[in-house]
Structures are given as structure tokens and as C-alpha cells.
Amino acid sequence: MRISFFDWIREGVRQSILLGLSDAATEIGSEKDVEALNQQLLASLQQQRITDESPPAARGRRKALGRSLNQIVQSQ
């Protein structure tokens with residue numbers, strides 16, 4: 001599996017957010033609430049891994065944010 005720099009950053013941010021939610025639930029919720037939230041987070045992570053392993057073409061194409069290098073060269 002090849003991972004790009006931006007995929008690595010995106011994964012790190014996602015993990016940080018999920019761990020932060022779990023820590024916040026631990027601080028403000030009861031033990032029962034924390035277990036329920038952790039189970040929901042785990043299910044969400046497992047579902048995300050299934051969708052992340054799909055081929056890039058299946059995920060859809062992102063809209064370009066500006067012109068590509070080829071477009072710039074062609075317009076000159």
C-alpha cells in the first residue's frame with residue numbers, strides 16, 4: 001500500500017480528533033457513556049477503513065483548485 005504525505009497527515013488528524021473525543025468523554029461522562037462512545041468510535045473507524053481501501057477511482061474525483069501545469073503551458 002502506498003501512502004502519500006497528505007494521506008499521512010489526514011490520517012494523523014483523524015486519529016487525533018477521535019482520541020480527543022474519547023478523552024473528553026472520559027472527563028465529562030460516566031463510565032457507561034464512555035464505553036458506548038468508544039464502541040461507536042471503533043465501529044466508525046472500522047467502517048472508514050473499509051471505504052479507504054477501495055480503489056482511488058471508486059472514491060470519486062476531487063475538483064481541481066485552479067489550473068494544472070499543462071493548462072498554464074498551453075495558454076502561453
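Counting begins at 1 with the first residue of the sequence. Predicted model, so just to flag it, every value in this text is computed and none were measured.
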Please name all residues satisfying side-chain contact (heavy atoms from CB on, under 4.5 Å) with [X], sequence neighbours left out, ordered by chain then number.
X   : result
Q71 : R67, S68
V73 : L69
L19 : none

Straight-line distance of [X] [atom1] to [Y] [atom2], nearest 0.5 Å:
X   : Y   : atom1 : atom2 : result
Q39 : E35 : CD    : CD    : 6.0 Å
E11 : S4  : CD    : OG    : 11.5 Å
D23 : L18 : CG    : CG    : 11.0 Å
L21 : Q40 : CG    : CD    : 11.0 Å

Could you check whether any side-chain N or O of S16 sits under 3.5 Å from a backbone N or O of G12, counting only pairs where one atom can act as donor and the other as acceptor?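 Present.
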